[in-house]
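Presented below is the structure to which this report refers.
Just so we're on the same page: letters track the sequence lines, and every chain starts at 1. Nothing here was measured: the structure is a model prediction, and the numbers come from that model.
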Number of protein chains: 2
Amino acid sequence: MVIHYKDKEYFTGKDLALSVIGGRWKIAIIWCLLQQSPLRLNEIEKKLPHANQRMLIRQLRELEEDKIVLRRVYPVVPPKVEYDLSEIGLQLEPVVTSICNWGDDFRDFLQTDAKKD
Amino acid sequence: MVIHYKDKEYFTGKDLALSVIGGRWKIAIIWCLLQQSPLRLNEIEKKLPHANQRMLIRQLRELEEDKIVLRRVYPVVPPKVEYDLSEIGLQLEPVVTSICNWGDDFRDFLQTDAKKD
DNA sequence: ATCCATAGTGACAAAAACGTCAGTATTGTC
DNA sequence: GACAATACTGACGTTTTTGTCACTATGGAT
């Protein structure tokens, strides 16, 4: 049962999932928003100092398009925009958590492995 | 605490994790090997008909380099090579499972969402 | 002699992702 | 008038990733 989404075909939910969370900073952004939300752009920037602003905005736009992140604009000057996880976005918590956990295990594994000589 | 791996710097386990499981076919390959293993190259090809052989081999090589997949070569003709998950590779099961589950939820969400007009 | 199967490799092209730089708009403060 | 803060956008180039094509090796079967 093929899924059509944004002019592409996906053959499993897994493939679809990877296409929407697969960007360089997306898991990081979602992780930030799971810790604390809402967050403003400049707050996300502070939490992810290795990402540049342009990239963060692009990834946020895509997450918004995919309905994973909600964007709330306040009509004030200077502009105020808040980002939040949607309901389906919040459901990514097990994905993010399991990746973090495995990553920590893998780091430990690499360190143990490196000591073997 | 910065992690150095393959000439790059990673600032969290999560970043490291994403760098090793982030290839186009890696989660798919790991998923196959979680279902059934060992598997030979041509068996993986049959299970992932949308990937071409060249890509599968490249991704398998990287997974092998990262010690996630084990490669066993039998000195026979025609060649026989079996692929398996390593111990740390097997530990990716929660990651793969949570991605699959969320992907299915997301697919349902998209379908429900599309019906709203 | 030719073909088959398996499991590859090398070179290259195409596409996607990523990063950098400069610039926009608004209102308020100095 | 200059500058600051916020949240952007556009254009562009680079890098990375992915895909395609042709090619290799071996021994057995026909």
Side-chain angles (χ1 to χ4, degrees), chain A residues 5-11 15-30 32-33 37-66 69-84, chain B residues 5-11 15-16 18-29 32-33 37-66 69-84:
Chain A
Y5 186 56
K6 287 183 177 178
D7 292 340
K8 297 210 173 158
E9 285 192 329
Y10 300 95
F11 301 93
D15 295 343
L16 181 62
L18 292 172
S19 84
V20 303
I21 62 174
R24 176 82 180 75
W25 300 103
K26 289 188 186 173
I27 290 287
I29 289 169
I30 293 161
C32 287
L33 290 171
S37 76
L39 284 173
R40 300 179 62 177
L41 178 62
N42 59 359
E43 296 173 316
I44 299 177
E45 278 183 77
K46 275 170 215 148
K47 285 171 178 283
L48 300 176
H50 302 289
N52 62 62
Q53 200 193 43
R54 191 76 182 85
M55 274 313 296
L56 286 183
I57 291 170
R58 278 210 279 245
Q59 305 272 296
L60 281 164
R61 282 290 170 287
E62 289 182 18
L63 289 170
E64 191 195 351
E65 230 182 88
D66 295 330
V69 156
L70 305 173
R71 181 165 169 270
R72 231 190 334 277
V73 182
Y74 296 88
V76 294
V77 168
K80 176 173 174 176
V81 178
E82 284 182 343
Y83 294 96
D84 246 325
Chain B
Y5 187 56
K6 289 184 175 177
D7 294 341
K8 297 211 174 157
E9 285 192 329
Y10 300 95
F11 300 93
D15 295 344
L16 180 62
L18 292 172
S19 83
V20 303
I21 62 174
R24 176 81 180 76
W25 300 101
K26 289 188 185 173
I27 289 288
I29 289 170
C32 287
L33 290 171
S37 75
L39 283 174
R40 299 180 64 177
L41 178 62
N42 59 0
E43 294 174 319
I44 300 177
E45 278 183 76
K46 274 170 216 149
K47 285 170 179 283
L48 300 175
H50 301 289
N52 61 62
Q53 199 193 41
R54 191 75 184 87
M55 275 311 295
L56 285 183
I57 291 170
R58 278 209 280 246
Q59 305 271 294
L60 281 164
R61 283 289 170 286
E62 289 182 18
L63 289 170
E64 191 194 350
E65 229 182 88
D66 294 331
V69 157
L70 305 172
R71 181 165 169 269
R72 233 189 336 277
V73 181
Y74 295 88
V76 294
V77 168
K80 175 173 175 175
V81 178
E82 284 183 344
Y83 294 96
D84 246 326

For DNA chain D, which residues in residues 45-57 of chain B have a heavy atom at a distance below 4.0 Å?
-> Asn52(B), Arg54(B), Met55(B)

Between atom NZ in Lys80(A) and atom C1' in dT26(C), what is the gap in whole Å?
-> 17 Å

Minimum heavy-atom distance Glu82(A)-Pro38(A), with the two atoms named | OE1-CG, 3.5 Å

Value rounded to 0.5 Å, distance of CD in Glu43(A) from CG in Leu48(A) | 12.0 Å

Atom pair CG (Leu56(B)) and NZ (Lys26(B)), whose distance is rounded to the nearest 0.5 Å | 12.5 Å

Of all heavy-atom pairs linking Tyr5(A) and Tyr10(A), the shortest is O-CE1, 3.7 Å

Quick one: Tyr83(A) OH to dA7(D) P, roughly how many Å, whole number?
-> 8 Å

Closest non-hydrogen atom pair between Ile27(B) and Ile21(B), with its separation = CG1-O, 3.8 Å

What is the distance from CH2 of Trp25(A) to P of dT16(D), rounded to the nearest Å?
-> 14 Å

Should Asn42(B) be listed as having a side-chain N or O under 4.0 Å from OP1 or OP2 of dA5(C)?
-> no

Write down the distance between CD (Glu62(B)) and P (dT16(D)), rounded to a whole number of angstrom.
-> 13 Å

State, to 0.1 Å, how close Arg40(B) and Pro79(B) come at their nearest heavy-atom pair, and which atoms those are.
-> NH2-O, 3.2 Å

Is the shortest side-chain N/O distance from Arg40(B) to OP1 or OP2 of dA5(C) below 4.0 Å?
-> no

If an axis is fit to five pairs at each end of the helix from dA1(C)-dT30(D) to dC30(C)-dG1(D), what is the angle between the two, to the nearest 10°?
-> 30°

For Glu64(A), the side-chain hydrogen bond (donor to acceptor under 3.5 Å, both in side chains) test, sequence neighbours excluded, returns none

Dump the pairs, protein N or O against N or O of nucleotides 23-28 of chain D, anything under 3.5 Å, distances to one decimal.
none

Distance (rounded to the nearest 0.5 Å) between Cys32(B) SG and Lys46(B) NZ = 12.5 Å

Spacing of Arg58(A) atom CZ relative to dC12(D) atom C1', expressed in whole Å | 11 Å

Interatomic distance, Glu64(B) CD vs dG8(C) C1' [rounded to whole Å] | 13 Å

CG of Leu39(A) versus P of dT6(D): gap in Å, rounded?
-> 14 Å

Could you give the distance from CG (Leu60(A)) to CG (Leu41(A)), rounded to the nearest 0.5 Å?
-> 7.0 Å

Base dG19(C) paired with Arg24(A) side chain (donor-acceptor, <3.5 Å) = no

Which pairs with one or both residues in residues 47-60 of chain B pass side-chain hydrogen bond (donor to acceptor under 3.5 Å, both in side chains), sequence neighbours excluded?
-> Gln36(B)-Lys47(B), Glu45(B)-Gln53(B)

Of the listed nucleotides dG8(C), dT18(D), dC8(D), the one nearest the side chain of Gln59(B) | dT18(D)

Does Arg72(B) make a side-chain N or O approach to OP1 or OP2 of dA7(C) shorter than 4.0 Å?
-> no

Under the side-chain hydrogen bond (donor to acceptor under 3.5 Å, both in side chains) test, which residues partner Glu65(B), sequence neighbours left out?
-> Lys6(B)

Could you pull out the closest heavy-atom pair between Ser37(B) and Tyr83(B), with the gap in Å?
-> CB-O, 4.3 Å

Mind calculating the distance between NZ (Lys8(A)) and P (dA15(C)) to the nearest angstrom?
-> 11 Å

